[in-house]
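Written out below as structure tokens is the structure these notes cover.
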Amino acid sequence: MSTPLIGISTYLESSVRWGVWHQPAALLPAGYHRLVQRAGGLAVMLPPDDAPASAPSVVSRLDALVIAGGPDVEPVRYGATPHERTGPPARERDAWELALIDAALADGVPLLGICRGMQLLNVAFGGTLVQHLEGHVGPPGVFERHEVKPVPGTLLARIAPEAVSVPTYHHQAVDRLGEGLTVSARATEDGMVEAVELPGSGVALGVQWHPEAGEDVRVMRALVDAAAAARG
């Protein structure tokens with residue numbers, strides 16, 4: 001059996017420097033592809049496309065999809081006015097990644113949203129976001145840790161049933177839950193939503209933390225295993 005192909009969405013930055021070059025770049029922290037590889041998958045990067053309508057064609061070639069973390073979702077996507085602490089929009093990513101999510105859900109392709117990816121999954125189902133909260137982000141560029149507790153009976157609880165300390169770096173979170181989604185984990189300290197899933201859909205899961213920044217591969221392995229099982 002061939003190794004499942006796992007697509008990961010990427011950042012799109014207007015100016016990045018490496019070597020003698022200073023150019024626009026599509027990029028992704030190495031933790032993402034390394035986590036996919038450790039979980040038994042083959043990673044491929046999916047940079048934003050100017051034609052989101054091509055998303056179904058892209059997803060049809062994948063065995064599973066990961067929507068990576070990154071900048072804040074533009075508030076217009078969920079009918080809100082920008083908060084003063086909300087970051088600048090990343091419209092290319094919003095349009096492309098929402099199209100990828102729609103295509104994955106339509107085709108039953110296993111899906112994992114990480115941080116921003118979880119928030120986009122909630123928005124895709126008509127949910128809204130808290131645009132700023134304290135206590136879930138450390139100094140710039142440094143992951144904090146806090147404990148999350150899975151909700152019994154959910155897919156996430158089957159994957160990782162115990163409360164666990166996770167790497168975290170976010171200042172936004174789920175506010176109104178998207179229609180049809182289920183909360184599958186909360187922060188132990190303040191009850192903030194830390195994971196959501198779509199019941200009865202195989203694997204369609206979002207986690208607020210950053211598994212690519214830690215050692216726990218269980219969530220990613222569940223995605224890769226679901227991808228392999230779907231291939232038969």
Side-chain angles (χ1 to χ4, degrees), residues 9-14 27-29 31-32 35 66-91 93-94 97-98 101 112-152 154 156-157 159-179 181-197 205-216 218-220:
S9 66
T10 78
Y11 290 71
L12 183 63
E13 299 297 328
S14 60
L27 53 85
L28 190 68
Y32 286 97
L35 181 63
V66 176
I67 303 298
D72 296 339
V73 180
E74 188 173 17
V76 69
R77 292 284 180 178
Y78 48 94
T81 300
H83 185 279
E84 62 181 9
R85 299 288 293 276
T86 295
R91 296 188 177 102
R93 278 197 69 177
D94 286 353
E97 291 174 347
L98 283 168
I101 289 170
L112 173 63
I114 293 176
C115 197
R116 164 189 162 87
M118 185 194 87
Q119 295 165 9
L120 268 177
L121 180 62
N122 189 58
V123 169
F125 280 88
T128 63
L129 303 178
V130 177
Q131 291 193 50
H132 183 71
L133 73 157
E134 302 290 346
H136 289 247
V137 62
V142 177
F143 287 102
E144 290 284 353
R145 298 192 72 91
H146 64 238
E147 188 178 79
V148 302
K149 186 175 182 180
V151 174
T154 62
L156 182 65
I159 296 169
E162 75 283 0
V164 61
S165 175
V166 295
T168 181
Y169 193 92
H170 66 97
H171 82 116
Q172 298 197 333
V174 167
D175 186 7
R176 186 182 72 241
L177 188 65
E179 185 175 356
L181 295 176
T182 294
V183 174
S184 48
R186 292 185 180 274
T188 304
E189 183 174 345
D190 61 11
M192 189 63 63
V193 174
E194 289 283 341
V196 300
E197 61 189 58
L205 173 66
V207 297
Q208 184 62 76
W209 64 90
H210 284 266
E212 83 284 358
E215 299 301 319
D216 191 338
R218 287 178 294 178
V219 170
M220 186 63 74

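No side-chain heavy atom of Pro139 sits under 4.5 Å from any side-chain heavy atom of Tyr169. Within the 4.5 Å cutoff, the side chain of His171 has heavy atoms near those of the His132 side chain. Under the 4.5 Å side-chain criterion, counting only non-hydrogen atoms from C-beta, Val193 is not in contact with Gln208. Residues Val164 and Val148 form a side-chain contact, since some pair of their non-hydrogen atoms from C-beta on lies under 4.5 Å apart. Here the side chains of Val219 and Leu112 are in contact, with some heavy-atom distance below 4.5 Å. Taking 4.5 Å as the limit, every side-chain heavy atom of Glu144 sits out of range of all side-chain heavy atoms of Trp209. When side chains are defined from C-beta on, Tyr78 does not count as touching Asp175, because their heavy atoms never get closer than 4.5 Å. Contact of the Val151 side chain with the Thr182 side chain is not registered, since no non-hydrogen atoms from C-beta on lie closer than 4.5 Å.
Side chain of Asn122 to backbone of Arg176: a donor-acceptor contact under 3.5 angstrom is found. Between the side chain of Glu179 and the backbone N or O of Gly126 there is no donor-acceptor pair closer than 3.5 Å. Using modelled atom types, no side-chain atom of Tyr11 and backbone atom of Arg93 make a donor-acceptor pair closer than 3.5 Å. A donor-acceptor pair is defined here as one N or O able to donate and one able to accept, closer than 3.5 Å; such a pair exists between the side chain of Asp94 and the backbone of Glu74.
How far CG of Leu133 is from CG of Asp190: 7.5 Å, rounded to the nearest 0.5 Å. Atom CG of Leu98 is separated from atom CG of Leu121 by 9.5 Å, given to the nearest 0.5 angstrom. To the nearest 0.5 Å, the span separating CD on Gln172 from NE2 on His83 amounts to 9.5 Å. How far CD1 of Ile114 is from CG of Leu120: 12.5 Å, rounded to the nearest 0.5 Å.
The minimum heavy-atom distance linking Leu177 with Leu181 is given by the pair CD2-O, 3.2 Å. Considering all non-hydrogen atoms of both residues, Arg116 and Ala90 come closest at NH2-O, 4.4 Å. In this structure, Glu197 and Ser184 approach most closely via the heavy-atom pair OE1-CB, 3.0 Å. The shortest heavy-atom contact between Ser165 and Arg145 is O-NH2, 2.7 Å. Scanning all heavy atoms of the two residues, the minimum distance from Asp72 to Gly87 falls at OD2-N, 2.7 Å. Here the closest heavy-atom approach between residue Gly214 and residue Pro167 is recorded as N-CG, 3.9 Å.
Dense packing is recorded around CD of Glu162, with more than 12 heavy atoms of other residues, nucleotides or ligands lying under 6.0 Å away. In this structure, Glu189 places its CD atom where only 12 or fewer heavy-atom neighbours from other residues, nucleotides or ligands lie under 6.0 Å away. Applying the 6.0 Å contact sphere to CZ of Arg91 captures no more than 12 heavy atoms from other residues, nucleotides or ligands.
Defined by atom type and a distance below 3.5 Å, a donor-acceptor pair is present between the side-chain atoms of Glu194 and His146. His210 and Glu212 share a donor-acceptor pair across their side chains, judged by distance under 3.5 Å alone.
A side chain to side chain contact (heavy atoms under 4.5 Å, CB included) with Gln131 is found for exactly one of Thr81, Val73, Thr86, namely Thr86.
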Between Ile159 and Leu205, is a side-chain contact (heavy atoms from CB on, under 4.5 Å) present by the stated rule, with each step listed? CA-CA 11 Å; Ile159 296 169; Leu205 173 66; 4.3 Å; yes

Report the C-alpha distance between Val196 and Phe125 in whole Å, list the side-chain angles of each, state the deciding distance to 0.1 Å, and finish with yes or no for side-chain contact (heavy atoms from CB on, under 4.5 Å). CA-CA 11 Å; Val196 300; Phe125 280 88; over 6 Å; no

